[in-house]
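Everything on this sheet refers to the single structure shown next.
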Amino acid sequence: MARPVTPLLWLLFSAGGTVAALLFPIHAFLFGLAFPLGWLEPPAHDALLGLLRQPLTRLYLLVFICLPLFHWAHRFRYTLYDGLQLKHLFGLVAALCYGTALVLSAVAAYVLWGVS
Amino acid sequence: MSAPSSYTLHHPKWFRHRVSVFWWLQKRSYTVFVLRELTSVFVALFAAFTLWQIRSAAAGEEAYAGLMARLGTPAFVVLNVVALAFLLFHSITWFNLAPKAMAVRLGGKRVPDLVIAGSNYVAWLVLSAAVAFILLAL
């Protein structure tokens, strides 16, 4: 990794960590458990789609998906270095982590753009 | 020692103990540290899960109903319970570290750690309530 990008990667890690910390638990509770298991009345499909069509919702979801992906890429990269002692694979691990985050972010932008 | 030192082409290899890949299981604080770092895996999984959900919601009512039915199966319920536990662990450790990551000064005095962590928890509560309110009012 070239030196000048390190602060940017750290910033993405930090911003993504904050987004995930603040918003992921409630989304995971509602969409992962409460709605599928019927603890709470899930929103009707057309109402959900109506919300999804709003530009502000799509912007929210883009931030919601992309920043935490870069948080993962940064943190998981160092976990692999230390936890599995993969420091010698420095370049490969970094390329795989940030590459995955980049590709999934692009897919997210594409999907959100195409909601109609 | 007056003999001139001789140089070899190769760097001498120094002795190092080989550390087990499971070094982090030997001490509780190390295990907690690695588990905290591994919360990022569930963060990425949940981001991908949300993307999948958006795709099926956009694909139509049938696709969305299919996804909801699949999420009710035991395998997904277990996965989502584990994921929620890791996500909560991430939130709590993240907010507790916030005062150490940024030292905020107001009027030349450092804002106490408890105030910074506390304001993070308040923001968490307010945002969670707002998300729940929007989704439940639909």
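Only this structure's heavy atoms are used, side chains among them; waters, hydrogens and symmetry mates stay out. Chain identifiers are assigned alphabetically (A, B, ...) following the order of the sequence lines, protein sequences preceding nucleic acid strands; residue numbering begins at 1 within each chain.
- In this structure, the portions of A:His27 lying under 4.5 Å from any heavy atom of chain B include both its backbone and its side chain.
- In this structure, the side chains of A:Ile26 and B:Leu135 stay at 4.5 Å or more apart for every pair of heavy atoms.
- Here the side chains of B:His90 and A:Phe24 are not in contact, with every heavy-atom distance at 4.5 Å or above.
- The side-chain heavy atoms of B:Glu37 and A:Tyr78, taken from C-beta on, include no pair separated by under 4.5 Å.
- For the pair A:His45 (side chain) and B:Ala65 (backbone), a donor-acceptor distance under 3.5 Å is absent.
- Residue contact with chain B, scored on non-hydrogen atoms closer than 4.5 Å, involves the side chain of A:Leu30 exclusively.
- If you look at B:Trp94 and A:His71, their ring centroids are closer than 6.0 Å.
- Within the 4.5 angstrom heavy-atom criterion, only side-chain atoms of A:Tyr60, from C-beta onward, approach chain B.
- Between B:Phe95 and A:Leu22, the closest side-chain pair of non-hydrogen atoms falls below 4.5 Å.
- Other residues, nucleotides and ligands contribute only 12 or fewer heavy atoms inside 6.0 Å of the CZ atom of B:Arg55.
- No side-chain heavy atom of B:Ile54 sits less than 4.5 Å from a side-chain heavy atom of A:Arg58.
- For a residue to count as touching a neighbouring chain, one of its non-hydrogen atoms must lie under 4.5 Å from one of that chain's; by this rule A:Leu51 touches chain B with the side chain only.
- Of the two parts of A:Leu37, only the side chain, counted from C-beta on, holds a non-hydrogen atom closer than 4.5 Å to a non-hydrogen atom of chain B.
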